[in-house]
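Every chain is numbered from 1, with letters handed out A, B, ... down the list of sequences. Heavy-atom basis, side chains included; hydrogens, waters and symmetry copies ignored. Quick caveat: nothing in here was measured; it's all calculated off a predicted structure.
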There are 2 protein chains.
Amino acid sequence: MQVRSPAEIQMTTEINEREQTLLKMLIESYVRDGQPVGSQKLARDSRLNLSPATVRNIMGDLEALGLVSSPHTSAGRIPTDKGYRLFVDSLLTVQSLDNDEVQRLKQEIDTDESVEVLIERVSSLLSGVTHMAGVVVAPRREHQVLRHIELLPLSDQRILVILVMDKQEVQNRIIRTAHAYTPSELQQVANYLNASLGGADLQTVRKRLLADMRETRSKLDRLMQRALDMAESVFAETAAQDDCVIAGQTNLMEFSELSDIDRLRSLFDAFNSKQQILHVLDQCLGSPGVQIFIGQESGYEPLNNCSLVTASYGVNNRAIGVLGVIGPTRMAYDRVISIVDATARLFSAVLNQRH
Amino acid sequence: MQVRSPAEIQMTTEINEREQTLLKMLIESYVRDGQPVGSQKLARDSRLNLSPATVRNIMGDLEALGLVSSPHTSAGRIPTDKGYRLFVDSLLTVQSLDNDEVQRLKQEIDTDESVEVLIERVSSLLSGVTHMAGVVVAPRREHQVLRHIELLPLSDQRILVILVMDKQEVQNRIIRTAHAYTPSELQQVANYLNASLGGADLQTVRKRLLADMRETRSKLDRLMQRALDMAESVFAETAAQDDCVIAGQTNLMEFSELSDIDRLRSLFDAFNSKQQILHVLDQCLGSPGVQIFIGQESGYEPLNNCSLVTASYGVNNRAIGVLGVIGPTRMAYDRVISIVDATARLFSAVLNQRH
DNA sequence: TCTAGCACTCGGATATCTCGAGTGCTAATT
DNA sequence: AATTAGCACTCGAGATATCCGAGTGCTAGA
């Protein structure tokens, strides 16, 4: 399993082995208990035979490096975002999930449902297993292959367009036309479009259409002309749509560090609007392996005390979407990473097998 | 505009005019400020020229009747659920929305979008205008008319069934069949089903199919036999599905009476699972006018400190769905009632005009 | 370089106090 | 009989004080 930092984040800080050990213990302890960790506890647990005083000195150094901080003078230390980052990048040992757990996940994912439903399911699954919020970005539509197109008259000048995509997904659009078509005209238009466009992905379809229109506008008979007009209005809005399913938001209410109601609210509102989240997640698309954003790194304010662990999924080794988990920075990264990684693999496998 | 209580809730408590006036003022004041109302304030505001002492006596009576209560000895009074109920049933004066506001709502609702999108929009609208949570129960599928059916082969033994309903709604199902069909066979099956079933609502379709199968099973040729088998598996799952869109949940975070994080959480979880909420809302379907559930009346625990103001909407004077608002019991009922009522009417109008 | 020792800090828990809004009761007033 | 004034009382909110102990930083000695 491969874990990558977002490209722009570079860790230059170097610390020696003893400091590493202590930082690691500190983070593990803090993640477990949620309490600032004091020098005494750390000295005792670390098995390094150091006195609390020595540990304190080291903590002083780590604090100077910006890896830990103390909430106030007489409390222990807690990791900073930078501390988590170092931890995740070089201290963390991720053990893969044991086989039982993988099987359990597989069972949940490998069902017969439509992709749409499956996405919801995976999202809930992630949320359920991690007790945080699960998120799945739906496959980017542009890259999907168009299998078939149907046109049905609804009323004069209104046509229901049904696009059957690859992998059992179906999209419906309603378009208005300047002219009223007879059912048989519609059938002809559909036939033409199916013949000339089926099997290409939406982006390609769109380009090809525009080209056709430019080149042959004058030569076409009226019907084909109309077909192209119509198709253009269908595919016009195709680009922007992709969607993002978030499940288990309420899990986040359990984390004391998020329970300030205003922060929580802004987070939930962010989930609802999704736009920004999508943008953050988009950055993960394409890069292989598990990606992690910690706290501020996402550059998106409502996610400030949160981390984002994601992995892309896809078919034929081409990433088509991203899934992951959103939770407080203070999360059990090792576990979450394994889960997200496994889920992405399993989900890809299911999509692949549906071919 | 008509406001109805759920049938089972009967108000028998009789109070005299002066008590009514005071209760009304108390509720209005409490709804406005969220503070328990004391005798002095009430005496001053009421213009009844009563001394605080008198008001206190009256409050004592109202408390004995269970209409108000005091959070503790030395605080003012707040309304109980029963108090709100009496208020809503006989004290409330709802003024209709002024024309500007109706126009604004109308503009938001009367768009060209598909019913699905429109439902989301109406839900957000309700949430936005009232600053509470908006909820719309999607039209019950059983009553919808089937216009057209399409069958498309996905792979061997997997068929995508597209049901085009009335009013631009489309449902997709994937079914597995025992046998692999050729495209032309599928076309024939679709033709047969369209001919014999188009125009009926799903419930009827289902009944008719079962009847057909019993009566003529032996007489049919193999193809038709298969058509029926297939159709049966499509319509089998038709009954249960209806859905419910809730928007603006986070608005509820603003209300101090709900801000206890556990209560809030159980409420949000309830929104997510929706099942129970749907059940409560189902009770509203069919009854004309605006319906109000206050606090415990819904019989559903997570809604305890909440009220529900709903109205049904429909086409041709037949209710097909319910919309409304969920907020704290302490809400501005007059305003909310007008808004819900107006929205339901406007929504119905839009649906009707789409014929 | 590490550690023991020590004075110091600060947050959290708990107790105490004060203030004032509001009550209920009683007795006087209308 | 209904209303009101008067008064003692209650109780919560907020401010203030106190204590405790975990944890720190620093210094000097091992």
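Computed from coordinates, the Leu22(B) CG to dT3(D) C1' distance equals 14 Å when rounded to whole Å. The separation between Glu63(B) atom CD and dC25(C) atom P is 11 Å, rounded to whole Å. Spacing between atom CG of Asn57(A) and atom C1' of dG23(D) amounts to 14 Å, rounded to whole angstrom units. The distance between atom CD of Gln40(B) and atom C1' of dT23(C), rounded to the nearest whole Å, is 12 Å. If you take CG of Asn16(B) and P of dA1(D), they are 18 Å apart, rounded to a whole angstrom. Remark: C1' of dA13(D) and NE2 of His72(B) are 9 Å apart, rounded to the nearest angstrom. One can place NZ of Lys41(B) at 13 Å from P of dA21(C), the figure rounded to the nearest angstrom. What separates CG of Leu26(B) from P of dT23(C) is a distance of 10 Å, to the nearest Å.
Nucleic acid contact class of Thr54(B) (heavy atoms, under 4.0 Å, all strands): base. Looking at heavy-atom distances under 4.0 Å, Arg18(A) makes contact with sugar-phosphate atoms alone, never a base. Counting any heavy atom pair closer than 4.0 Å across all strands shown, Ala75(A) reaches sugar-phosphate atoms only and no base atom.
Proximity note for Ser74(A) (side chain, C-beta onward) versus dC11(D), dT23(C), dA22(D): the nearest is dA22(D). Side-chain proximity of Ser39(B) to the nucleotides dC10(C), dT23(C), dT4(D) is greatest for dT23(C). Listed candidates were dC6(C), dT3(C), dA5(D). Nearest to the side chain of Ala53(B) is dA5(D). Nearest to the side-chain atoms of Arg56(B) among the listed nucleotides dT10(D), dT24(D), dG24(C) stands dG24(C). Side-chain proximity of Ser51(A) to the nucleotides dT4(D), dT23(C), dA4(C) is greatest for dA4(C). Closest approach to the Arg77(B) side chain among dT24(D), dT23(C), dT4(D) is made by dT23(C) (side chain taken as heavy atoms from C-beta onward).
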Next item on the list: Please assess Val129(A) against Arg335(A) for the test side chain to side chain contact (heavy atoms under 4.5 Å, CB included), listing each intermediate value before the final yes or no.
Entry: CA-CA 10 Å; Val129(A) 175; Arg335(A) 191 175 142 70; 3.7 Å; yes

Next item on the list: Test Asn251(B) against Arg265(A) for side chain to side chain contact (heavy atoms under 4.5 Å, CB included), laying out the working first.
Entry: CA-CA 8 Å; Asn251(B) 280 340; Arg265(A) 184 184 169 152; 3.3 Å; yes

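Each of Pro71(B) and Gly76(A) was matched to the nucleotide of DNA chain D holding its nearest heavy atom; the match closer to the 5' end belongs to Pro71(B).
Nearest approach of Leu252(A) to Ile326(A), heavy atoms of both residues: CD2-O, 3.6 Å.
Here the OG atom belonging to Ser90(B) is positioned 6.0 Å from the CD atom belonging to Gln20(B), to the nearest 0.5 angstrom.
When ring centroids are compared, Tyr333(A) and Tyr84(A) come within the 6.0 Å threshold.
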